[in-house]
Amino acid sequence: MAKNITSRDKDYAQWYLDIVKEAKLAEHSPVRGCMVIRPNGFALWENMKSVLDGMFKDTGHENAYFPLFIPKSFLSKEAQHVEGFAKECAVITHSRLASTEDGVEVDPTSKLEEELIVRPTSETIIWDTYKNWIQSYRDLPILINQWANVVRWEMRTRLFLRTMEFLWQEGHTAHATKQEAVDETIQMLNVYRDFVENYMAVPVITGVKTESERFAGAEDTYCIEALMQDGKALQAGTSHFLGQNFAKAFDVTFQDKDSTVKHVWATSWGVSTRLIGGLIMTHSDDDGLVLPPKLAPVQVVIVPIWKNDEQKAAVTEYGDKLLQELKSAGIRVRFDDRDNYKPGWKFNQYEVEGVPVRITIGPRDVENNKAEVARRDTKTKELSERTEILAKVTNLLEEIQSNLFETAKSRREAMTHTVDTYEEFKQVLEEKGGFIYAHWDGTPETEEKVKTETKATIRCIPLEGDKTPGTCMVTGNPSAQRVIFAKAY
RNA sequence: CGGGAUGUGGCUCAGCCCGGUAGAGCACUCGCAUGGGGUGCGAGGGGUCGCAGGUUCAAAUCCUGUCAUCCCGACCA
């Protein structure tokens, strides 16, 4: 039925690309590694953004905007930070073009005195700014978020999952005490978990990154990790406790109540359009995109059927009333009464685009006061009394939302394994994939060895669950608790 | 930056080996029929064959150069 979509069994990577294309979410742009986000994809992003933005405001944050360009010298102030991002920065060297016979070329006389970096993230320019805003403990905390685009010069890209330019939000906060900053880091991690699980219906594990996976410049990086249908992990969001690293690098100090001058404590946290990739890979099937009702740009579509003008008039009137009824109940509904596409074509189109609920109405329904209600997740449909439609649809949207989450969660459980030996580890990784809980001695060397030999990395040291100590599966040295290994996107 | 491949209507590609007036499918436009799961039939519009040079009476096709893109590997939210 879905003739343009490769099945997941056959080629998972191609299936993903087909979904993105057929659901009209995004496409490759003329610029290598960058994408055009199409209206369907952007509407989804706008819904995600709107929910998250509300959550940020509810936890006391304000939005602001900092420049796209960062003076080169700023980036070199925090040693770890430079090292982390140096290899993937776009650099602006000139400010002008000059006309030539064939078009234009860079005007060599316009070379910049200090080159500008297109932000890969904004810590540096933000901390340079905060320095001027903070003198006293009375100026703290500063709780700011910005919605922006950033650029990281990646070698290999994939639509939504890794592009050279992407959209995201980055929160940057400054605090008087370490505890307050740590609390903020954890609070935002929980905000992300709440959003991803309760709105995106994607189950996640919260954890701490190991040293090698940590954000450049952070003391601790907390993360939410999701598991995709193909058994690979996806980092869905990160929240960093930055300690006093940036405060020291940018000399951000305040005079405390006790009159002494101290460096401030910092956090930063972000999620990006990558979440859309995670959403697709968690719920969609071989027939197309599947969207959770809470974020779907269109939650319900009404498809009419008629053969002649007389039927058209009756069905349209019936449909319009239904449209108004659902709309006034706050449901995002579309009545697709276009006459230039066939009903069958529309069924397939909305299925591919992932609309959670479809209502079909034809002459027979008008006559009998009924309608056919179909759900996208299970692909089942049933005839409903006209008077019961609103209640049924409202109920169905909630049911689909929780069904998607539960299905994803059971799939994750089924793909989560616990191993005790390295042999067993390799075997499970090879044959099953998924999350693998194993003991690790805590050293970067062991982590690196596993990565080189198996391509699996430590996704996180989970915050919840079993904390029993043991011995490292590779070296036999003591291990504080099991950590999660997986191959990752 | 190493290894492999490809550039031909909007898209996917055939044609190239063996030079002879540019093709198919999909998409698009128009008409008629159709309409409860991608509808059928008919008519039509649209291409500097990546770019530059060369060989030839004649180049999408042969030769040289060049540019671009894609896939695989080293880096990553």
Side-chain angles (χ1 to χ4, degrees), chain A residues 1-5 11 13-14 17-18 21-22 27-33 83-89 102 119-121 148-158 160-170 192 209 212-216 218 221 223-226 233-240 268-278 287-288 303-309 311-312 315 337-353 358-368 370-374 376 379 381 383 451-452 455 457 459 488-489:
Chain A
M1 201 174 289
K3 58 183 176 186
N4 297 323
I5 299 173
D11 185 344
Q14 189 57 47
L17 289 172
D18 289 345
K21 183 183 172 201
E22 295 298 321
E27 62 192 31
H28 285 106
S29 74
V31 186
R32 187 189 77 84
E83 214 175 297
F85 287 104
K87 285 169 288 183
E88 48 188 80
C89 288
D102 310 322
R119 63 179 167 220
T121 178
N149 58 337
V150 286
V151 169
R152 297 183 187 174
W153 211 264
E154 302 289 350
M155 295 177 184
R156 276 192 73 191
T157 58
R158 296 188 67 187
F160 291 116
L161 297 172
R162 173 164 295 107
T163 47
M164 296 222 301
E165 178 191 12
F166 56 94
L167 305 182
W168 78 343
Q169 57 70 216
E170 46 181 327
Y192 287 155
K209 287 291 186 187
S212 65
E213 298 276 327
R214 191 184 294 156
F215 173 73
T221 289
C223 62
I224 48 173
E225 292 282 328
L234 182 80
Q235 178 175 305
T238 49
S239 183
H240 315 289
S268 70
W269 27 274
V271 294
S272 72
T273 37
R274 167 179 253 204
L275 284 177
I276 296 174
D287 295 319
V303 177
I305 292 167
W306 56 67
K307 290 183 188 174
N308 52 49
D309 284 348
Q311 291 182 348
K312 179 176 175 177
V315 171
D337 59 355
R338 289 178 297 177
D339 212 357
N340 48 1
Y341 286 98
K342 316 289 295 182
W345 185 91
K346 292 176 187 171
F347 293 167
N348 281 279
Q349 191 57 35
Y350 289 112
E351 202 161 281
V352 169
E353 291 181 19
R358 186 194 72 227
I359 300 176
T360 309
I361 50 172
R364 291 204 297 267
D365 302 304
V366 175
E367 198 175 323
N368 303 326
K370 292 184 190 290
E372 183 193 80
V373 180
R376 174 65 182 85
K379 303 202 67 180
K381 52 190 179 187
L383 217 50
K451 186 180 177 181
T452 313
K455 288 187 176 169
T457 50
R459 299 321 303 152
Y489 274 98

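Each chain gets a letter, A, B and so on, in the order the sequences are listed, and its residues count up from 1. Here the structure is a predicted model, which means the values were calculated and not measured.
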Letter per nucleotide, 5' to 3', of nucleotides 70-75 of chain B [B base touched, S only sugar-phosphate touched, - untouched; heavy atoms, 4.0 Å]: S-SSBB

query: In whole Å, what separates the C1' atom of B:C26 from that of B:U39?
result: 16 Å

Same-atom distance (C1') from B:U21 to B:A59, integer angstrom: 13 Å

- prompt: Of all residues at least two apart in sequence or in a different chain, which pass the ring-ring contact (aromatic ring centres under 6.0 Å, His included) check with A:W153?
  reply: none

field: Whole-Å gap separating P (B:G36) and CG (A:N368)
entry: 18 Å

message: Rounding to an integer number of Å, can you tell me how far A:I276 CD1 sits from B:A77 P?
response: 18 Å

- prompt: Hey, does A:K370 reach any base, or is it just sugar-phosphate, or nothing, if we go heavy atoms under 4.0 Å?
  reply: nothing

- request: Determine the contact category for A:T163: base if any of its heavy atoms lies under 4.0 Å from a base atom, sugar-phosphate if only primed atoms, P, OP1 or OP2 are that close, otherwise nothing.
  value: base

- prompt: Distance between the C1' atoms of B:G10 and B:G73, in whole angstroms?
  reply: 34 Å

- prompt: If you measure from the Lys or Arg side-chain nitrogens to the Asp or Glu carboxylate oxygens, is any gap between A:K346 and A:E353 under 4.0 Å?
  reply: no

- line: Of A:G237 and A:P363, the one whose closest nucleotide on RNA chain B sits nearer the 5' end is A:P363

task: Output all residues satisfying ring-ring contact (aromatic ring centres under 6.0 Å, His included) with A:W168, sequence neighbours left out; order by chain, then residue number.
output: A:F166

message: So, under a plain 3.5 Å distance rule, would you say the side chain of A:D365 forms a donor-acceptor pair with the base of B:G36?
response: yes

message: Under 4.0 Å, heavy atoms only, any strand: does A:T238 hit a base, just the sugar-phosphate, or nothing?
response: nothing

query: Looking for any heavy atom pair under 4.0 Å, which part of the strands does A:W306 touch: base, sugar-phosphate only, or nothing?
result: base

- prompt: Distance between the C1' atoms of B:G9 and B:C28, in whole angstroms?
  reply: 11 Å

- prompt: Below 3.5 Å, does any donor atom in the side chain of A:E372 face an acceptor in the base of B:G36, or the other way round?
  reply: no

statement: side chain to side chain donor-acceptor pair (under 3.5 Å) filter on A:S239, not counting sequence neighbours, yields none

message: Using a heavy-atom cut-off of 4.0 Å across all strands, would you classify A:R358 as base, sugar-phosphate, or nothing?
response: base

- prompt: Is the base of B:U34 touched by the side chain of A:K307 through a donor-acceptor pair closer than 3.5 angstrom?
  reply: no

task: Check every atom of B:G37, B:G38, B:G36 against the side chain of A:Q349 and return the nucleotide holding the closest atom.
output: B:G38

- request: Apply salt bridge (Lys or Arg N to Asp or Glu O under 4.0 Å) to A:D309 and list each qualifying residue two or more places apart in sequence or on a separate chain.
  value: none

- prompt: Roughly how far apart, to the nearest Å, are B:A22 and B:G15 at atom C1'?
  reply: 9 Å

field: d(CG, A:N308; P, B:G35) in whole Å
entry: 10 Å

message: Can you list every stem that RNA chain B is part of, counting only runs of 3 or more consecutive Watson-Crick or G-U wobble pairs with both distances under 3.5 Å?
response: B:1-7 with B:67-73, B:10-13 with B:23-26, B:28-33 with B:39-44, B:50-54 with B:62-66

task: Can you figure out which of B:A77, B:U34, B:G36 approaches the side chain of A:K342 most closely?
output: B:U34

task: Using the C1' atoms only, state how far B:A14 lies from B:U61, rounded to an integer number of Å.
output: 13 Å

- prompt: Just how far, in rounded Å, is C1' of B:A77 from CZ of A:F85?
  reply: 8 Å

- line: Between CZ of A:R364 and P of B:G35 the distance, given in whole Å, is 12 Å

field: Atom pair distance, as rounded to whole Å: OH in A:Y341 and P in B:G40
entry: 16 Å

field: Pairwise distance OG1(A:T273) to CG(A:N149) - rounded to 0.5 angstrom
entry: 10.0 Å

- request: Output all residues satisfying salt bridge (Lys or Arg N to Asp or Glu O under 4.0 Å) with A:R358, sequence neighbours left out; order by chain, then residue number.
  value: A:E372

task: Walk me through it: do A:R376 and A:D287 pass the test side chain to side chain contact (heavy atoms under 4.5 Å, CB included)?
output: CA-CA 10 Å; A:R376 174 65 182 85; A:D287 295 319; 3.8 Å; yes

message: The criterion is side chain to side chain donor-acceptor pair (under 3.5 Å); which residues satisfy it with A:R156, sequence neighbours excluded?
response: none

- request: Take atom P in B:C16 and the same atom in B:G54, then report the distance between them in whole Å.
  value: 26 Å

- prompt: Planes under 30° and centres closer than 5.5 Å, is that true for A:F166 with the base of B:A77?
  reply: yes

query: To the nearest Å, how far apart are A:E351 CD and B:G37 C1'?
result: 8 Å

field: Set of residues satisfying ring-ring contact (aromatic ring centres under 6.0 Å, His included) with respect to A:F347, sequence neighbours excluded
entry: none

message: How many whole angstroms separate atom CD of A:Q311 from atom C1' of B:G35?
response: 9 Å

query: So what does A:D339 hit on the nucleic acid, given a heavy-atom distance under 4.0 Å: a base, only sugar-phosphate, or nothing?
result: base

message: For the P atoms, the ones on B:C62 and on B:U8, what distance do you get once it is rounded to whole angstrom?
response: 16 Å

Filtered N/O pairs between nucleotides 42-45 of chain B and protein, under 3.5 Å:
none

message: Which nucleotide wins on minimum distance to the side chain of A:N348, given the candidates B:G38, B:U34, B:A77?
response: B:G38

query: Please walk me through it: do A:R158 and A:R274 pass side chain to side chain contact (heavy atoms under 4.5 Å, CB included)?
result: CA-CA 10 Å; A:R158 296 188 67 187; A:R274 167 179 253 204; over 6 Å; no

- prompt: What are the two closest non-hydrogen atoms of A:T157 and A:M164, and how far apart are they?
  reply: CG2-CG, 3.9 Å

query: What pairs with A:T457 under side chain to side chain donor-acceptor pair (under 3.5 Å), at least two apart in sequence or on another chain?
result: A:R459

message: Judged by each residue's nearest nucleotide on RNA chain B, which is more toward the 5′ side, A:M164 or A:A371?
response: A:A371

query: What about A:K346, does its side chain sit under 3.5 Å from the base of B:G35 through a donor-acceptor pair?
result: no

- request: Could I get the full list of side chain to side chain donor-acceptor pair (under 3.5 Å) partners for A:T221, not counting sequence neighbours?
  value: A:H240

query: Base, sugar-phosphate alone, or nothing: which one does A:L161 contact when heavy atoms must sit under 4.0 Å apart?
result: base

query: Stepwise, does the side chain to side chain contact (heavy atoms under 4.5 Å, CB included) test hold for A:K381 with A:T360?
result: CA-CA 10 Å; A:K381 52 190 179 187; A:T360 309; over 6 Å; no

